[in-house]
K.L.:
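Sending over a structure as structure tokens; questions will come in a sec.
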Amino acid sequence: MVIPVPKPYRILASKRDGEPLLDEAIHEVASAAADGSWSDAQLGAFLMAVAIRGLDRRETATLTRAMLESGESWGLSELVPGLVDKHSTGGVGDKVSLILGPLLAACGVPVVMLTGRGLGHTGGTADKLEVVPGLDLALTRARTLKLLDSTALAIGMATESIAPADRKLYALRDVTGTVESIPLITASILSKKLATGAAAITFDVKTGSGAFLPDPQDGRVLAALLVETAEAVGIHASALLTDMSQPLGRWSGHSVELRESLETLEGRGPQDLTELTLRLSAEAARLAGHAEVERERLQRALEDGSAREHFDRWALAQGASADWLQKPQFSVAPQAVSAEAPRAGVVSAVATRQLGFLLAEVGGGRRVPEDSIDPEVALETLVRLGEPVEVGQPLARLWVQSVDHSAELAGRLRECFTIADSGESPRLIQDRILP
């Protein structure tokens with residue numbers, strides 16, 4: 001009697017041996033992740049086989065589609081033409097989403113963004129927005145359509161019915177050493193982002209010391225795969241490869257990043273944050289067919305106050321306190337730990353990832369998902385790469401609730417900055433990736 005080989009074994013053996021998987025097999029894996037019919041051990045084996053053997057472009061697109069189809073898809077662009085989305089791979093001080101959404105909506109471009117929470121050295125958009133009293137980030141399809149109709153903007157967190165296969169595989173990637181697999185990153189990002197059914201999406205893929213993938217070549221590969229896979233499943237896409245070798249803007253931390261975002265919406269933001277937001281906004285508008293929304297119009301919306309007014313209009317529609325919006329209050333922790341330049345010279349390198357972890361360690365982020373966040377904890381970056389400094393000049397400050405170990409903390413903060421005889425200011429936008 002011939003004993004049939006179980007389907008999971010056949011699929012795992014094929015990928016283990018480097019064979020391309022049939023579409024049917026990939027859909028089987030995604031379904032099994034969503035309904036629990038494969039064990040964690042089997043799913044972990046699949047992830048490890050993919051991390052070692054890789055997926056080709058067809059397999060990556062199929063896995064993305066299968067994970068997307070494991071849950072509900074909203075198909076919003078069928079009812080909201082020209083709808084756009086934006087995704088960043090994250091970094092320290094990256095608050096672009098808080099600005100880009102109201103800015104584009106103020107210029108007539110509808111925007112939907114499903115956001116997440118921060119973990120490790122990066123902050124989450126949802127956490128930052130929760131600084132606004134009353135703001136309700138729970139989104140369903142019906143509520144999103146209502147928000148788009150009234151304000152052309154919806155930002156929040158989706159229901160658990162969005163891409164349940166990704167939820168399972170994402171958790172297992174963290175404990176199986178497969179987080180850095182670029183095909184798995186691509187399918188994870190897109191299965192959630194494409195569930196809204198936006199007509200176009202632009203990606204901000206970070207490189208440098210504070211990026212999830214510090215190597216520029218890895219970032220380029222991820223950007224290209226994100227764009228190609230999105231296009232393969234029917235979404236217009238492009239990506240900007242951008243610098244994260246130093247924090248974006250001057251402030252990092254939840255309350256202060258929201259404050260800096262509102263300042264930028266009023267035309268008073270730092271140059272790097274403003275420039276990146278304008279470039280990504282123009283790219284998203286172009287992709288979705290809003291040819292009339294060019295950089296000049298976006299710039300005017302920042303300068304004339306209409307972008308800032310639209311933030312208030314949207315926030316009110318999502319439940320924010322009208323009193324707070326009228327007079328926003330941003331609390332910053334009372335004690336400052338400062339790091340000074342040990343010598344005269346030029347800022348030649350910043351250990352940006354370490355800055356992010358240090359901020360999380362003192363309460364401004366999460367090291368594990370169960371951690372709570374102190375929104376008042378902040379990092380203030382006072383110098384930029386390529387900038388000359390004098391001995392004793394402040395480089396950065398950590399704003400914390402108490403300074404029990406201030407000397408140690410100041411030393412660790414100082415170690416994140418390298419002062420040398422020379423150094424260069426990196427290009428903020430390094431490349432543009434098209435299909």
K.L.:
Let's go through V332 and R259 carefully: what are the C-alpha distance in whole Å and the side-chain angles of both, what is the deciding distance for side chain to side chain contact (heavy atoms under 4.5 Å, CB included) to 0.1 Å, and is it a yes or a no?
P.N.:
CA-CA 11 Å; V332 180; R259 182 181 67 189; 4.0 Å; yes
K.L.:
Do you know which two heavy atoms are closest between R141 and G75, and how far apart they sit?
P.N.:
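Nearest heavy atoms, R141 then G75: NH2-O, 4.4 Å.
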K.L.:
List the steps, then state whether side chain to side chain contact (heavy atoms under 4.5 Å, CB included) holds for I419 with V347.
P.N.:
CA-CA 5 Å; I419 310 300; V347 182; 4.0 Å; yes
K.L.:
Evaluate K86 against S97 for side-chain hydrogen bond (donor to acceptor under 3.5 Å, both in side chains), listing each step before the verdict.
P.N.:
CA-CA 8 Å; K86 168 260 179 191; S97 293; 2.8 Å; yes
K.L.:
State plainly whether the residues K15 and E59 are in salt-bridge range, i.e. N to O under 4.0 Å.
P.N.:
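Salt bridge flag = yes for E59 with K15.
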K.L.:
Could you tell me which residues satisfy salt bridge (Lys or Arg N to Asp or Glu O under 4.0 Å) with E340, sequence neighbours excluded, listed by chain and number?
P.N.:
none
K.L.:
When rounded to the nearest 0.5 angstrom, what distance separates OG1 in T62 from CZ in R57?
P.N.:
14.0 Å
K.L.:
Out of curiosity, W324 CH2 to L316 CG, how far, rounded to the nearest 0.5 Å?
P.N.:
11.0 Å
K.L.:
Under 30°, 30 to 60°, or over 60°: which ring-plane class applies to W251 and W399, parallel, tilted or perpendicular?
P.N.:
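Aromatic pair W251/W399 classed tilted.
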K.L.:
Where do L104 and L298 land on the side chain to side chain contact (heavy atoms under 4.5 Å, CB included) test, with the steps shown first?
P.N.:
CA-CA 7 Å; L104 281 172; L298 293 162; 4.0 Å; yes
K.L.:
Could you walk me through whether S321 and D323 satisfy the side-chain hydrogen bond (donor to acceptor under 3.5 Å, both in side chains) test, starting with their C-alpha distance in whole Å, then the side-chain angles of each, then the deciding distance to 0.1 Å, before giving a yes or no?
P.N.:
CA-CA 5 Å; S321 164; D323 291 340; 5.0 Å; no
K.L.:
Here's a test for you: under side chain to side chain contact (heavy atoms under 4.5 Å, CB included), which of D374, V403, L379, L409 qualifies with V362?
P.N.:
L409
K.L.:
Are the side chain of S188 and the backbone N or O of I185 linked by a donor-acceptor pair below 3.5 Å?
P.N.:
no
K.L.:
Using distance alone, with no hydrogens and no angle criterion, decide if D243 and S245 have a side-chain donor and acceptor under 3.5 Å apart.
P.N.:
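D243 vs S245: donor-acceptor pair found between side chains.
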K.L.:
With a 4.5 Å cut-off on side-chain heavy atoms, are Q246 and T381 touching?
P.N.:
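In short, these two side chains do not touch, never coming nearer than 4.5 Å.
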K.L.:
Identify the heavy atoms of A232 and R65 that sit nearest to each other, and give their distance.
P.N.:
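Taking A232 first and R65 second, the nearest heavy atoms are O-NH2, 3.4 Å.
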K.L.:
Considering non-hydrogen atoms only, spot the tightest contact between V132 and A320 and give its length.
P.N.:
CG1-CB, 3.6 Å
K.L.:
Would you call R412 and E361 a salt bridge, using N to O less than 4.0 angstrom?
P.N.:
yes
K.L.:
When rounded to the nearest 0.5 angstrom, what is the spacing between CG in L398 and OG in S338?
P.N.:
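One finds 9.5 Å between CG of L398 and OG of S338.
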K.L.:
Do side-chain atoms of T122 reach the backbone of G90 as a donor and acceptor pair under 3.5 angstrom?
P.N.:
no
K.L.:
Which pairs would a plain distance check flag for residues 422-434, meaning a side-chain donor or acceptor within less than 3.5 Å of a matching protein atom at least two apart in sequence or in another chain?
P.N.:
{"from": "R427", "atom 1": "NH1", "to": "Q430", "atom 2": "O", "distance (Å)": "3.4"}
{"from": "Q430", "atom 1": "OE1", "to": "T207", "atom 2": "OG1", "distance (Å)": "3.1"}
{"from": "D431", "atom 1": "OD2", "to": "R220", "atom 2": "NH1", "distance (Å)": "2.3"}
{"from": "R432", "atom 1": "NE", "to": "E283", "atom 2": "OE1", "distance (Å)": "3.0"}
{"from": "R432", "atom 1": "NE", "to": "E283", "atom 2": "OE2", "distance (Å)": "3.1"}
{"from": "R432", "atom 1": "NH2", "to": "E283", "atom 2": "OE2", "distance (Å)": "3.4"}

K.L.:
Any chance you could measure L262, atom CG, to L98, atom CG, to the nearest 0.5 Å?
P.N.:
8.5 Å
K.L.:
Quick one: closest heavy-atom pair of K206 and S88, and the distance?
P.N.:
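The pair with the smallest heavy-atom distance is CE-OG, 3.7 Å.
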K.L.:
Which is it for D127 and R366 under the side chain to side chain contact (heavy atoms under 4.5 Å, CB included) test, yes or no, and what are the steps along the way?
P.N.:
CA-CA 11 Å; D127 297 316; R366 294 187 185 88; 2.8 Å; yes
K.L.:
Name the one of T242, L103, T202 that satisfies side chain to side chain contact (heavy atoms under 4.5 Å, CB included) with L280?
P.N.:
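That would be T202.
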K.L.:
At their closest point, which heavy atom of E376 faces which heavy atom of Q401, and how far apart are they?
P.N.:
OE1-NE2, 2.8 Å
K.L.:
T229 and A61: which non-hydrogen atoms are nearest, and at how many Å?
P.N.:
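Heavy atoms of T229 and A61 come nearest at CG2-CA, 3.7 Å.
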K.L.:
Can we say R343 and D421 salt-bridge, meaning some charged N sits less than 4.0 Å from an Asp/Glu carboxylate O?
P.N.:
yes
K.L.:
List in chain and number order the residues that pass salt bridge (Lys or Arg N to Asp or Glu O under 4.0 Å) with E275, two or more places apart in sequence or in another chain; answer none if no residue qualifies.
P.N.:
R295
K.L.:
Report yes or no: is the cationic atom of K192 (NZ for Lys, CZ for Arg) under 6.0 Å from the centre of the six-membered ring of Y170, at an angle within 45° of the ring normal?
P.N.:
yes
K.L.:
Between R117 and E130, does any NZ, NE, NH1 or NH2 come within less than 4.0 Å of an OD or OE carboxylate oxygen?
P.N.:
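R117 and E130: salt-bridged.
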K.L.:
CG of D272 to CG of L248: how many Å apart, nearest 0.5 Å?
P.N.:
5.0 Å
K.L.:
Is the NE2 atom of H236 crowded by more than 12 outside heavy atoms at less than 6.0 Å?
P.N.:
no
